Amino acid sequence: MKTITMKFGGTSVGGPEAISNVVEIVKTEREAGNRVIVIVSAMAGVTDNLLASVNAAVSGNKWGYLSTADKLRERHEDTLNRLVPPGKLREKTFSQITHLLNEYTEICNAVTILGENTARVSDAIVAYGERLSSRVVAAALKASGVESAAYDAGEFLLTDDRHQGATPLWDETQARVENKLKPALDQGVTPIITGFIGATQKGAITTLGRGGSDYSGAIFAAATDSDELIIWTDVDGVMTTDPRVDKRARVLPYVSYQEVGELAFYGAKVLHPKTVQPVLDKGIPIWVRNTFNPTFPGTLIRENGEPTATVIKAVTSIRNVSLLTVSGKGMIGVPGIAGRTFLATANAGASILMISQSSSEQSFCFLVTDGTAENVKDSIESELGGEIARRDIEKVDIQDDVVIITAVGAGMRGTPGVAGRVFSVMGDNRINVIAIAQGASECSISFVVAESDLERAVVKLHDLALESAAV
Ligand code: ASP
Ligand code: MG
C-alpha cells in the first residue's frame, strides 16, 4: 500500500468535466489499495475574482462583491448539480456553499464600511476559493462511492502570521497531521484539503502566496511521509521551453529537484518555487501530470535528473523585468555600496531576480520586476544620497525593455564549454547580451537581452536543448 498526495490545480477543478477526471483518477488509486491525500486549488479564475472583489469593497463598491458572490454560487452549484444526484448529499453541500458565501459577503461588507483592507482580511477573503472547491470535490467523490471529507488546511497546516506569504511551522504542523489527519487516513477516508491556505496558532487564516497550493501539496506529502507527490495540472509535464514561444517544445521525462527549482524561479510556471524544499529532504519523488490526459506518464522529478549529452535541458524566459544599473568611478574598492543598494532594494519591497558585476567595479546591475523599479530607484538614491552628491556614484539607471533568458541543466556542472556554446549561439544570431550571471550551483546560466530579441534567443537556445535530447 502506498500513500500518495495529489494536488489538483485550478483548471483541474475548473468545472464538472475536469472534476469528473479528478474523481476517476482518485478512485483508480483507491481501488488499487493506496491511500490518497487530495489538495485542491480554487476553481480556475476564482482567486483573481476574489482579490478583485476585495479591492472593489475597499473603494466602497458593494456591487462588486455581491455579484462575485452570485457568480461563485452559480458556478459551484452548477458544477455540483452535474456531479451529485439530487438528495441529501447535494443539499448538504449546497448549504455549505451558502454558508461560506454568506460569511464572504459579511466580511466584504465590513471592508466596505471600514474602507480599509489588511493582508489578514485579504487572506480570509481569498481563502473562500479553496474552501468552496474542496467541498464540491469531496461531494463529487462521495457521490461516486469514495469515502472522503473536506478539510480547511488550517486544521493541520500552522504558519507564522506573515499574511499573503506565510511560512509553515513544521513541528506544529507535523503534530496536527499525526493527531488529526493520519487517524482519518487510517479509517479509509480520503481527505480533500484546501491548498494555498493555513492558519496561525491563534486560528487566523493565512495564505502561502499566489500559486501556493503546489507548496501545500509538498508540505502535506512530507508531513504524511507520502511515497509520491503528484501535481495534476493542465499540461503534459515540464517542457523544454514555453510552447507559445517555440512549438517544438517537448515534455521532459526526468528533471532533478534542483533543475525544477531553477525552472520555477526563472519563469517556467510549472511549480511554485517553494514546492521542492519540503519533499527534497525526504526524497519523495514529484510527478507533474495532466488531468486531461491521465494516461500520459508526465515528468518525474527526483534526486538525479537524467543528464543529457549537451547538458542544456530547458530554456525559460522572464518578461516584465527591469534592469537597474548603479555606476560611478568612485565605487571602485569602496566596500558596502552593493550591500546598501540591495538593502535599499529590499526596503522598497522588491526582490532581486539576478545580479551581475564586472570586476572593474565601475558599475553593477541587477533585475527586479517591472512594477517595482521606480520605487527601488528612489530608495537607492536616497540611501546613496551622499555618494551621489559627491559624484562618487554617477547614476542609477532603469532599463525596462529587457528580458531574462535562462538555460537550465544540471549537466552543466563541471562541463566546460557550455557558456561558450550559449553565447556563441547568441553572437552567431547577432543577439546582444546585456548582462550575464551563472549561479554557483552551476545548474543554470542566465542572461539579459532586449525584449525584441526574446523569441529568437529562446528558439536558438532551444535548438541546443533539442540537439541534446536527440542524442
Ligand atoms: N488559488 C491560488 C492562486 O490562484 C493558489 C493556487 O492555485 O495555487 O494563486
Ligand atoms: Mg499553479
Side-chain angles (χ1 to χ4, degrees), residues 5-15 18-19 21-22 37-55 68 71-72 75-76 79 97 100-101 104 119-138 150-154 156-157 159 162-168 192-199 205-222 229-235 238 260-261 263-265 267-279 286-292 301 369:
T5 298
M6 296 184 175
K7 176 260 172 176
F8 292 92
T11 21
S12 300
V13 296
I19 296 180
N21 290 354
V22 172
I37 297 125
V38 175
I39 311 296
V40 289
S41 287
M43 293 178 89
V46 168
T47 305
D48 290 332
N49 296 154
L50 290 168
L51 284 171
S53 75
V54 187
N55 292 334
T68 301
K71 277 190 215 129
L72 293 181
R75 184 161 173 198
H76 289 86
T79 305
I97 293 174
L100 289 170
L101 287 171
Y104 160 75
R120 177 177 166 167
V121 171
S122 174
D123 273 355
I125 292 176
V126 82
Y128 285 103
E130 274 73 9
R131 297 178 72 189
L132 288 163
S133 66
S134 57
R135 271 57 176 189
V136 174
V137 172
Y151 295 92
D152 287 338
F156 317 112
L157 204 185
T159 71
R162 274 195 40 229
H163 287 278
Q164 296 183 317
T167 303
I192 314 300
I193 307 173
T194 56
F196 183 46
I197 67 182
I205 292 181
T206 52
T207 61
L208 306 173
R210 289 306 304 270
S213 54
D214 293 337
Y215 188 30
S216 306
I219 294 166
F220 280 99
L229 167 63
I230 310 180
I231 304 286
W232 288 97
T233 177
D234 54 4
V235 291
V238 179
V260 86
L263 283 168
F265 185 77
K269 289 237 160 49
V270 271
L271 284 183
H272 187 279
K274 285 185 179 164
T275 312
V276 168
Q277 181 223 328
V279 297
I286 309 175
W287 288 91
V288 177
R289 301 188 59 184
N290 191 348
T291 312
F292 304 93
I301 303 162
T369 46

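In this text the structure is predicted, and so the values were computed from the model without any measurement. In each ligand, atom 1 is the first atom listed, and ligand 1 is the first ligand listed.
Relative ring orientation between Phe8 and Trp232 is described as parallel, the plane-to-plane angle staying below 30° on a 0-90° scale split at 30° and 60°. In this pair, His272 and Tyr215 present their aromatic rings parallel. The plane angle is below 30°, not in the 30 to 60° band.
Atoms CD1 and CZ, on Ile197 and Arg131 in that order, are 6.5 Å from each other to the nearest 0.5 Å.
Less than 4.0 angstrom separates some heavy atom of Thr47 from each of these atoms of ligand 1: 1 (N), 2 (C), 3 (C), 4 (O). Listed by number with element, the atoms of ligand 1 under 4.0 Å from a non-hydrogen atom of Ser41 are 6 (C), 7 (O), 8 (O). For ligand 1, the atoms sitting less than 4.0 Å from at least one non-hydrogen atom of Arg210 are 3 (C), 4 (O), 9 (O), numbered in the order shown with element in parentheses. Near Gly212, with a cut-off below 4.0 Å to any heavy atom, the atoms of ligand 1 are 5 (C), 8 (O).
Remark: distances from the non-hydrogen atoms of Gly211 to ligand 1 include one below 4.0 Å.
Remark: the Ser122 side chain and the Gln164 side chain contain an N/O donor-acceptor pair separated by less than 3.5 Å.
Of all the heavy atoms of His272, none lies under 4.0 Å from any atom of ligand 1, so neither backbone nor side chain is involved.
Shown here are the side chain to side chain donor-acceptor pair (under 3.5 Å) partners of Asn55, two or more places apart in sequence or in another chain: there are none.
Among the atoms of Ser213, some N or O lies under 3.5 angstrom from an N or O of ligand 1.
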Just do the salt bridge (Lys or Arg N to Asp or Glu O under 4.0 Å) check on Asp123 and Arg162 with the steps written out, would you? CA-CA 10 Å; Asp123 273 355; Arg162 274 195 40 229; over 6 Å; no
